[in-house]
Visitor: 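Shown below is the structure under consideration.
The chains referred to below are lettered A, B, ... by the order of the sequence lines, with proteins before strands, and numbering in each begins at 1.
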Amino acid sequence: MSKLPRSFYTRENVLEITEELLGKFLVTKYNGKITAGMITEAEAYGGVIDSASHAFKGRRTGRTEIMYLEGGRAYVYISYGIHHLFNVVTNEKDIPHAVLIRAIEPVEGIDLMLKRRKKKQPDYTLSSGPGSMSVAMGIKVYDTGTDLLGDKIWIEDRGIKIPQKKILRTIRIGVENSGKDAHLNYRYIIADNPWITRSSFNRIKE
DNA sequence: CGACCGATCGTCT
DNA sequence: GACGATCGGTCGA
């Protein structure tokens with residue numbers, strides 16, 4: 001049960017970091033109330049050379065500026081005008097790598113997650129999918145830039161190691177028109193965990 | 001269960 | 001002025 005140190009995030013291999021984030025625990029604390037879940041699905045975004053990244057070709061705007069900070073911060077932005085998508089910034093300052101957290105398995109504060117999602121009973125849609133996950137955890141776009149070594153949003157290692165053979169790599173979602181890198185296997189999934197995006201789970205079942 | 005579609009608005013061109 | 005790193009509802013088979 002230890003908070004991931006800065007050195008976890010500042011490494012240069014974003015694929016390695018994405019894979020290692022599976023099985024780690026994302027925790028938020030708002031108004032003293034904790035919600036937490038185990039990361040089950042995440043996507044790597046490779047910065048300036050990745051045509052699917054917001055920072056492709058070194059694009060710097062008010063929104064993407066966060067990605068150029070030192071690793072270990074939250075990059076949150078709005079998608080489709082509705083959804084707040086939570087990313088972890090990685091690598092050193094000026095290298096805009098990021099990992100999109102797409103799904104978690106709820107562990108703590110499930111009552112609060114249900115309230116935020118306006119649901120009565122937990123089901124696999126509670127926190128599977130980046131927009132739903134953010135709602136369940138209470139993460140909003142104004143959390144962008146939050147230091148993950150602070151006491152508001154952080155990621156913990158609770159001693160769980162996902163075996164290599166249970167990790168599935170596949171293409172990222174929603175980037176099919178993003179050019180040369182649309183086909184890269186940059187999405188990492190815990191294959192036997194039902195708390196992942198529904199379409200993925202159905203596909204894995206065969 | 002898969003395909004389609006509307007919602008909704010900040011960001012970038 | 002167009003378009004998403006999406007979601008949830010509906011429709012048809």
Visitor: State, with a plain yes or no, whether a side-chain heavy atom of R169(A) is found less than 4.5 Å away from one of R187(A).
Guide: no

Visitor: Under 4.5 Å between side-chain heavy atoms, chaining through other members, with only Ile, Leu, Val, Met, Phe, Trp and Tyr counted: pull out the rest of the cluster around F56(A), sorted by chain and number.
Guide: none

Visitor: What dot-bracket string describes DNA chain B from 5' to 3', counting Watson-Crick and G-U wobble pairs whose defining distances are under 3.5 Å, with [ ] for crossing pairs and | for pairs to another strand?
Guide: |||||||.||||.

Visitor: Near DNA chain C, under 4.0 Å by heavy atom, which residues of residues 52-66 of chain A?
Guide: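 Close to the strand are A52(A), H54(A).
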
Visitor: Which part of the nucleic acid, if any, lies within contact of S132(A), taking any heavy atom under 4.0 Å across all strands shown: a base, the sugar-phosphate backbone alone, or nothing?
Guide: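 Sugar-phosphate contact only - S132(A) comes under 4.0 Å of backbone atoms but never of a base.
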
Visitor: Do I153(A) and L26(A) have side chains that approach each other closer than 4.5 Å (heavy atoms only, starting at C-beta)?
Guide: yes

Visitor: What distance do E20(A) atom CD and I155(A) atom CD1 have between them, rounded to the nearest 0.5 Å?
Guide: 12.0 Å

Visitor: I'd like the 5' and 3' limits of the part of DNA chain C contacted by chain A, with heavy-atom contacts below 4.0 Å.
Guide: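 Contacts span dG4(C) to dG8(C), reading 5' to 3'.
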
Visitor: Please identify which of these residues, K93(A), R11(A), R6(A), meets the salt bridge (charged side-chain N to carboxylate O under 4.0 Å, His left out) condition with E70(A).
Guide: R6(A)

Visitor: Quick check for you: to the nearest 0.5 Å, what is the distance between L100(A) atom CG and N87(A) atom CG?
Guide: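 Here the interatomic distance stands at 5.0 Å.
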
Visitor: Report yes if the side chains of H54(A) and Y75(A) come closer than 4.5 Å at any heavy-atom pair, otherwise no.
Guide: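 Contact flag for H54(A)/Y75(A) side chains = yes.
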
Visitor: Establish, from distance only, whether the side-chain atoms of R172(A) and S178(A) form a donor-acceptor pair under 3.5 Å.
Guide: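 Side chains of R172(A) and S178(A): no pair found under 3.5 Å.
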
Visitor: Would you say M38(A) and N193(A) make side-chain contact, with heavy atoms under 4.5 Å?
Guide: yes

Visitor: Any idea which heavy atoms bring E108(A) and I34(A) closest together, and the distance?
Guide: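 Reported closest heavy-atom pair: OE1-CG2, 3.6 Å.
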
Visitor: So if I take residues 92-125 of chain A and measure heavy-atom distances to DNA chain C, which residues fall below 4.0 Å?
Guide: L100(A), R102(A), R117(A)

Visitor: Any ion pair linking K152(A) and D143(A) (charged N to carboxylate O, less than 4.0 Å)?
Guide: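 Here D143(A) pairs with K152(A) in a salt bridge, since their nearest N and O are under 4.0 Å apart.
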
Visitor: Check D123(A) against W195(A) and note the closest heavy-atom contact, atom names and distance.
Guide: O-CZ3, 3.1 Å

Visitor: Only one of V99(A), I162(A), V14(A), I167(A) clears side chain to side chain contact (heavy atoms under 4.5 Å, CB included) with E19(A); which?
Guide: I167(A)

Visitor: Are the side chains of Y186(A) and L15(A) in contact, using a 4.5 Å heavy-atom criterion?
Guide: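 Heavy-atom side-chain distance check passes, below 4.5 Å.
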
Visitor: Among residues 78-89 of chain A, which contact DNA chain B at a heavy-atom distance under 4.0 Å?
Guide: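 Hits under 4.0 Å, by residue number: Y80(A), G81(A), I82(A).
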
Visitor: Which atom pair, heavy atoms only, marks the closest approach of A103(A) to I196(A)?
Guide: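 Of all heavy-atom pairs spanning A103(A) and I196(A), the closest is CB-CA, 4.1 Å.
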
